[in-house]
J.: 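What follows is a structure written as structure tokens; I'll ask about it next.
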Amino acid sequence: MRTLLVMALLLLTVWGARAQYDIDRFFNRGQMAMMEGQYTRAINNFNIIIRLDGDLYEAWFFRGIAKYNLGDFSGAESDFDRALELNPVYTLAYHYRAITRSRMGHYDEAIEDLRRAVELRPSYYGLYFSRGVTYFLSQQFEKAVEDFNRFISHEPRDADAYLNRGASYLFLRDTVNALKDYNRAITLRSFDPEGYIRRSRIYYAQHRYEDALQDLDKAIEIDTSNTFAYFNRALIRYELNDIQGTLGDFAEVLAREPDNSLTLYNRALIRSQIGDYDNALEDYDRVLNINPDNVLALYNRSILFIETGRWQDAIDDLTRAIELYPDFANAYMNRSYVKNQLGLYASAQEDYETAQAKVARYRTMTADSAGRAAFADTTRKYDRLLALDSDFARNDFNDELLQNRNVNINLKPLYRFVIKRSAEEDGMPILLGGGYDDSRVRDFTAAVPVDVELSCRPSGTSAVDNSRLKEAVEDEADRTGDDRALFARALMESESKQFNAALDSYTEAIDRNPEEVFYYINRGALQSEMIDFISSIESNVQVLTMDNAGTAKARVRDASSSSYDYSAAISDMNRAAALYPGFPYTYYNLGNLHCLSGNMPEAITQYTKAIDLYPGLGEAYYNRGLVLIYVKDKEKGCLDISKAGELGIEDAYSVISKYCDTDDMM
């Protein structure tokens with residue numbers, strides 16, 4: 001018995017040593033994989049460690065970092081949670097969980113994590129840097145400055161801290177201190193183009209064009225591939241009437257990013273101004289090939305057609321612009337002029353009167369609602385160069401994913417109720433098919449006085465005109481005020497791009513029946529579509545984001561722009577989810593809206609909810625796959641895209657061939 005006991009103890013000792021040896025070996029492998037950027041391989045090694053000993057909080061921590069670098073912020077947060085359960089005083093876990101929560105937009109929770117980390121290690125000054133970034137992202141700019149002050153007092157030679165504090169000062173409209181910080185950042189790190197680019201933006205706003213030009217020359221000298229510097233220098237050169245220099249810089253951008261539609265659009269404007277009509281038309285054609293619904297490109301190309309006497313082409317472009325945005329008064333005015341040239345006097349007079357009515361309505365709108373009628377402002381100029389104050393290189397300045405992440409494919413659109421079309425008219429499969437059946441949808445569609453279906457059909461494929469039906473629905477809505485009739489009227493108004501009228505009708509229907517979930521879904525989808533049109537005349541902004549390094553270094557492009565607000569649409573979708581939590585299409589729509597808002601982690605979360613409720617929703621796999629590829633989690637993204645193809649999304653295979661090459665996945 002004693003011999004067996006000794007043998008057992010020896011075996012346990014040998015096994016324990018072997019297990020510890022294995023754990024150390026897998027730790028080394030995992031950490032080496034992370035250093036090489038092979039995060040999936042790192043996770044596999046940490047998975048083995050966790051299976052060997054699930055109480056090793058360092059394994060959970062390092063796996064969380066690997067997931068973070070793959071864009072799996074929810075998974076990273078979960079691993080940091082587990083690390084802190086095992087070791088509640090692990091400062092690094094609080095720090096990195098705060099960074100992760102900040103990336104997810106959970107700023108209050110991130111700040112609380114950083115507060116606890118500071119309590120544990122008040123001398124760890126990197127925490128103040130991270131908290132300053134988080135305060136910035138949550139638009140608490142004064143607190144951001146205070147934390148950057150604390151960090152700088154102990155790390156006075158960190159250029160990034162000055163860049164970020166300078167950005168915070170800009171949002172506080174303190175350009176004097178912002179300029180001082182940018183100057184200091186340049187002194188500390190003169191080889192980094194970022195400081196020069198940011199300082200040039202202040203000089204540009206102050207009309208100090210020569211100073212701005214010198215900074216951008218220096219930035220390009222440091223980094224000859226920096227397209228953002230070339231783009232900004234082009235704008236400066238344009239202000240200095242250096243047209244050839246402007247065109248040269250745009251050419252540098254396009255040599256590196258041939259599908260950068262904003263640069264193409266600006267170059268087309270300049271070529272038009274100098275009379276180079278053929279090349280200007282070619283640029284507009286390329287913009288419209290990227291995005292056929294770009295209202296500004298259609299409008300300005302029509303002006304070139306007018307200049308060259310191509311009257312019918314001009315009418316076609318103006319008609320399309322009006323279809324996309326019926327409040328576009330200038331388009332009616334120009335089409336009236338063209339029709340006069342063709343002798344179509346009655347039709348020209350009708351366009352002229354419509355334009356005047358649009359202008360009159362615009363002038364009576366309140367400041368809050370005027371944004372919806374921006375195209376009705378005839379004093380607005382549509383031939384100015386557009387400056388990009390956000391992350392550079394958008395393939396389209398409407399609602400596409402950013403090109404600088406190597407994705408330029410559109411999301412599948414929002415689901416909402418539309419006027420039903422026959423198979424011959426639609427040319428598309430019924431998108432609610434695939435086995436999903438919902439009694440509330442059946443009951444609702446049966447009660448609406450027109451034939452409707454739930455669909456993510458692109459908005460450009462409007463229903464066949466049926467003026468008699470429209471008149472009948474409008475008459476019933478006006479006469480009875482029935483909410484179903486109001487909803488049907490809103491559908492028809494929306495199909496014909498009468499956005500403001502449709503919004504009013506949806507709101508009236510909701511006022512009469514605030515518990516009808518599907519009204520909120522359609523109104524939310526409409527509000528998103530309205531924003532997409534408005535966004536074609538301005539540029540979005542995405543500010544100060546964490547990088548993937550171990551520290552929470554950050555970058556911003558500019559701190560003076562406004563972004564489009566999808567909160568009203570998100571609010572409607574959230575209300576719909578509260579009223580009917582089991583409906584998958586609401587979460588799918590929320591995924592799209594959060595993606596358009598730049599909140600990629602939340603978009604992924606919402607698509608996942610939709611898939612959990614309805615695993616046959618191919619569009620949700622497709623869109624989630626695109627977002628995952630966007631955040632550099634290509635492996636998971638390509639698996640989703642593959643599943644979308646299995647579920648009948650034909651576009652999936654072109655995405656797979658472009659982004660999911662087997663060699664790239666290794």
J.: Please determine whether side-chain contact (heavy atoms from CB on, under 4.5 Å) holds for the pair V133 and F148, giving the CA-CA distance in whole Å, both sets of side-chain angles, and the decisive distance to 0.1 Å.
T.: CA-CA 9 Å; V133 170; F148 288 129; 4.1 Å; yes

J.: Could you go through the side-chain contact (heavy atoms from CB on, under 4.5 Å) check for E155 and R150 one step at a time?
T.: CA-CA 9 Å; E155 300 287 345; R150 292 187 181 98; over 6 Å; no

J.: So, Y415 and E619: side-chain donor and acceptor under 3.5 Å apart, yes or no?
T.: yes

J.: To the nearest 0.5 Å, what is the distance between CG (N28) and CD1 (I23)?
T.: 12.0 Å

J.: Is the closest side-chain heavy-atom distance between W60 and I50 below 4.5 Å?
T.: yes

J.: Just wondering, do N294 and N291 contact through their side chains at under 4.5 Å, heavy atoms?
T.: yes

J.: Within the distance-only criterion (no hydrogens, no angle test), does the side chain of N45 pair as donor or acceptor with the backbone N or O of R41 below 3.5 angstrom?
T.: yes

J.: When you compare the side chain of R198 with that of R201, does any pair of heavy atoms fall below 4.5 Å?
T.: no

J.: Could you report the tightest heavy-atom contact between A620 and I611, atom names first, then the distance?
T.: CB-CG1, 3.7 Å

J.: Specify whether F27 and F46 have parallel, tilted or perpendicular ring planes, treating 30° as the upper limit for parallel and 60° as the lower limit for perpendicular.
T.: perpendicular

J.: So does Y135 get a backbone contact from the side chain of D147, meaning a donor-acceptor N/O pair under 3.5 Å?
T.: no

J.: Does the side-chain hydrogen bond (donor to acceptor under 3.5 Å, both in side chains) test come out yes or no for Y39 and D633, once each step is laid out?
T.: CA-CA 10 Å; Y39 300 114; D633 192 350; over 6 Å; no

J.: Indicate the atoms forming the closest heavy-atom contact of S168 with V145, along with that distance.
T.: CB-CG2, 3.7 Å

J.: Could you go through E119 and R116, starting from their C-alpha distance and side-chain angles, then the distance that decides it, and tell me whether this counts as salt bridge (Lys or Arg N to Asp or Glu O under 4.0 Å)?
T.: CA-CA 5 Å; E119 287 179 351; R116 297 174 72 178; over 6 Å; no

J.: Any salt bridge (charged side-chain N to carboxylate O under 4.0 Å, His left out) pairs touching residues 570-594, not counting sequence neighbours?
T.: E515-R575, R523-D572

J.: If I compare all heavy atoms of A76 with all of G64, which pair ends up nearest, and what's the gap?
T.: CB-O, 3.2 Å

J.: Using a distance-only test with no angle check, is there a side-chain donor-acceptor pair under 3.5 angstrom linking Y607 and D640?
T.: no

J.: Between the main-chain N or O of A83 and the side-chain N or O of N87, is there a donor-acceptor pair closer than 3.5 Å?
T.: no

J.: Within a strict 4.5 Å, meaning less than it, do heavy atoms of the N44 and I48 side chains meet?
T.: no

J.: I would like to know whether L626 and Y630 meet side-chain contact (heavy atoms from CB on, under 4.5 Å); could you show each step before the answer?
T.: CA-CA 6 Å; L626 289 183; Y630 173 87; over 6 Å; no

J.: Strictly distance-based, threshold 3.5 Å: is any side-chain N or O of N589 a donor or acceptor partner for the main-chain N or O of L414?
T.: no

J.: Under 3.5 Å, is there a donor-acceptor pair between the side chain of S597 and the main chain of L593?
T.: yes

J.: Quick check, are the ring centers of Y162 and Y182 under 6.0 angstrom apart?
T.: no

J.: Which pair of non-hydrogen atoms, one from S102 and one from Y107, has the smallest distance, and what is that distance?
T.: O-CE2, 3.2 Å

J.: Does I604 offer a backbone N or O that forms a donor-acceptor pair with the side chain of T608 under 3.5 Å?
T.: yes

J.: Using the test side-chain contact (heavy atoms from CB on, under 4.5 Å), find all partners of L84 that sit at least two apart in sequence or belong to another chain.
T.: Y90, A93, Y94, R97

J.: Is there side-chain contact between Y68 and R103, with at least one heavy-atom pair below 4.5 Å?
T.: yes

J.: In terms of side-chain heavy atoms, does Y566 have a donor or acceptor partner in H594 at a distance below 3.5 Å?
T.: no

J.: Which heavy-atom pair separates S261 from V287 by the least distance, and what is that distance?
T.: O-CG2, 3.7 Å

J.: May I ask you to check whether E257 and T227 show a side-chain donor-acceptor distance below 3.5 Å?
T.: yes

J.: Give, for atom CE of M34 and atom CD1 of I43, the distance between the pair rounded to the nearest 0.5 Å.
T.: 8.5 Å

J.: With a 4.5 Å cut-off on side-chain heavy atoms, are T224 and Y230 touching?
T.: yes

J.: Judged by atom type as modelled, is there a donor-acceptor pair below 3.5 Å linking the side chain of N522 to the main-chain atoms of F417?
T.: yes

J.: Do the side chains of R189 and D160 get close enough for a salt bridge, i.e. N-O under 4.0 angstrom?
T.: yes

J.: Check the side chains of S225 and D223 for a donor-acceptor pair under 3.5 angstrom, ignoring hydrogens and angles.
T.: yes

J.: Is there a side-chain contact between R131 and F151 in this structure, where contact means two heavy atoms from C-beta onward sitting under 4.5 Å apart?
T.: no

J.: Under 3.5 Å, is there a donor on one side chain and an acceptor on the other for Q140 and S138?
T.: yes

J.: Parallel, tilted or perpendicular for F231 and F250, by the 30°/60° rule?
T.: tilted

J.: Flag the pair F141 / F136 as yes when at least one side-chain heavy-atom distance between them is below 4.5 Å, and no otherwise.
T.: yes

J.: What are the two closest heavy atoms between Y587 and P581, and how far apart are they?
T.: OH-O, 2.8 Å

J.: Any pair with a residue in residues 594-605 that passes salt bridge (charged side-chain N to carboxylate O under 4.0 Å, His left out), sequence neighbours left out, goes on the list, sorted by first then second residue, please.
T.: none

J.: Could you check whether any side-chain N or O of R82 sits under 3.5 Å from a backbone N or O of S78, counting only pairs where one atom can act as donor and the other as acceptor?
T.: no

J.: Test side-chain contact (heavy atoms from CB on, under 4.5 Å) on D192 and I222; report intermediate values, then the result.
T.: CA-CA 7 Å; D192 184 357; I222 295 168; over 6 Å; no

J.: Taking the six-membered ring for Trp, are F583 and Y580 parallel (under 30°), tilted (30 to 60°) or perpendicular (over 60°)?
T.: parallel

